[in-house]
Amino acid sequence: MRIVHVLGTRPNFVKMAPLIAAIGRRMPDAEQTIVHTGQHYDRLMSEIFFEQLGVPAPDHMLEVGSGSHAQQTAKVMERLEPLLVEDRPDLVVVPGDVNSTVAAALTAVKLDIPVAHLESGLRSHDRTMPEEINRIVTDQISDILWVHSEEAIRNLELEGIPAERAHFVGNTMIDSLVALQDRFRPLGACREFGLEPGSYLLVTLHRPALVDGPLLFDAIAALNQVSTEMPILFPVHPRTRARLAGNAELAENLHLVDPAGYLEFLSLEADAGAVLTDSGGIQEETSYLGVPCFTLRDNTERPVTIELGTNVLLGLDPARITEIPVIVASQERAVAGVSAPPEPPPLWDGHAAERIADLLAAQGGSSV
Ligand code: UD1
Ligand code: UDP
C-alpha cells in the first residue's frame, strides 16, 4: 500500500507521529510519503515536533506559509496536486481540522484517490469557526473516518454519513503523550521559569474569535489580576504574538514566553495547577493528565472532556478568568501527581494508532 500523509500545523504533527510509526511497524512493506504543507513553519511550531516525536523528515515541503483562508487552501491544492498525480497513492491521510486538512482532502478526492480523515466527527456546531467548516467538508468527502470518541459517530450519523465509513479507533494525540511520558514527566520544565509544580496557571490562547479582536486585551487585563494570586506562564502562539506586539501592559507574575517544544509543553501541562486555553488538543491532554482545564470559548467540539469533569467551559468571556483561582481552590485539588486523575475516555489509551494500522493491514493494500 502506498500512503501519502499530508501535515501542516503543530497539532497535526502530534496526531500523525504515532500513526506513521505504527504503519511502519505493522506494514513494513507500505510505502509512506510525508508531505508538509508549510502552514506552520517557525522552528518552534514545526521542526521541533518532528525531532521530539521522531517523525521522519518530510519528503516534500509545499511551503505555503501564512495567508488568508482562500490563499492558504488554494496554495496547498495547487502544490499538492502535481505530487498526487505523479504518485497516485492508494490512500491520502489527513489529520484534524486545519486549512491544510480540507485542502489536501479536496485535492485527493478530485483525483479519485481515497482519503482517510484522522480525528473525524468532532463538531462544535459553530459555523463561525473556520475549523468547523473544515471538519464538515473533510468528513463529507473522506472515504475512511477514524474517530476518537462516541459522540463523533453520532455527529457523523446526523450528517447522513454511512456508519460503515467510521471506525472508533481512539485518540492518537493521547498516543503521543503516552509514548513520551517517561521523557516529559521528570523534566520539571516549570523550574526553568522559576515556578513550582502545582502552583501556576498555564495559558494558551490563539483562536481568532478571541485574539483577533479587543477581547484579547480584556483577557490580558484579567490575567494581570489573577497573576497576583497565582503566577502565570503563557507560551504565546505566533498569531497572538503578532496581535499583542508590545501593546499590552504585563504584571510582574504574568510571563509571556515563546511557544514551548512539545516535551516541555507536556511537562508544563502535567505540573500546572490549572490550564486556561482555547486549544482543542489541550482540552484533551489535560483530561488525560487530570489537570483542571478552563476553556475560554462558548462551545467545544470535545464535550467528552466536560463530561469527564476536568474541563470547565468559561464562555468567550475574559472577565470569568478571574474566577479561576477560586474554582481551583474549591476543587481542593492536591499538588500535581498526588491526586488520581479520572479514568480517561474509552480508547484514549496509547494504542489508537495501532488499531488504525491493524485496520489498514486487514485491507491488505487492496482498494480502500
Ligand atoms: C491554525 C489552525 C487552527 C489550529 C492552529 C494550531 C486553520 C484555519 N487554523 O491556526 O485550527 O488550532 O493552527 O496552532 O487552519 N504564524 C507564524 N509562524 C508560524 C505559523 C503562523 O508567525 O509558523 C503566524 C502568521 O502571522 C499567521 C498566523 O500565525 O498569519 C496564523 O497562522 P495560521 O496557520 O493561518 O493559523 P493559526 O492561527 O496558526
Ligand atoms: N503545544 C506545544 N507547545 C505550546 C502549545 C501547545 O507543544 O506552546 C502542543 C500541545 O501539547 C498539543 C498541541 O500543541 O499537543 C496543540 O496545538 P494547538 O493548541 O496549537 O492547536 P489545536 O489543538 O487548538 O488545534
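Every number for a ligand or one of its atoms is a count from 1 in the order of the listing. Both backbone and side-chain heavy atoms feed into the values below; hydrogens, waters and symmetry mates do not.
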**Message:** Looking only at distances, can you tell me whether any N or O atom of Asn134, backbone or side chain, sits closer than 3.5 Å to an N or O atom of ligand 1?
**Reply:** no
**Request:** Decide whether an N or O pair under 3.5 Å exists between Arg239 and ligand 1.
**Result:** yes
**Prompt:** Which one of Gln71, His40, His237, Met45 has a non-hydrogen atom at the shortest distance from atom 20 (C) of ligand 1?
**Reply:** His40
**Request:** Could you check which of Ser279, Pro238, Ser68 puts a non-hydrogen atom nearest to atom 24 (C) of ligand 1?
**Result:** Pro238
Shortest protein contact, [atom] (heavy atom only):
atom	value
atom 19 (O) of ligand 2	Ser279 OG, 2.7 Å
atom 25 (C) of ligand 1	Ser66 OG, 3.3 Å
atom 12 (O) of ligand 1	His206 NE2, 2.8 Å

**Prompt:** Does Gly96 come within less than 4.0 Å of ligand 2, judged by its heavy atoms?
**Reply:** no
**Asked** What are the atoms of ligand 2, with element, lying closer than 4.0 Å to any heavy atom of Val14?
**Response** 15 (O)
**Message:** With heavy-atom distances below 4.0 Å as the criterion, list the atoms of ligand 2 near Glu269.
**Reply:** 11 (O)
**Asked** Less than 4.0 Å between atom 32 (O) of ligand 1 and some protein heavy atom, yes or no?
**Response** no
**Asked** Where on Arg207 is there a heavy atom closer than 4.0 Å to ligand 2, on the side chain, on the backbone, on both, or on neither?
**Response** side chain
**Asked** Is there at least one pair of N or O atoms, one from Asp97 and one from ligand 2, spaced under 3.5 Å apart?
**Response** no
**Prompt:** Just distances here: any N/O of Asp278 and N/O of ligand 2 closer than 3.5 Å?
**Reply:** no
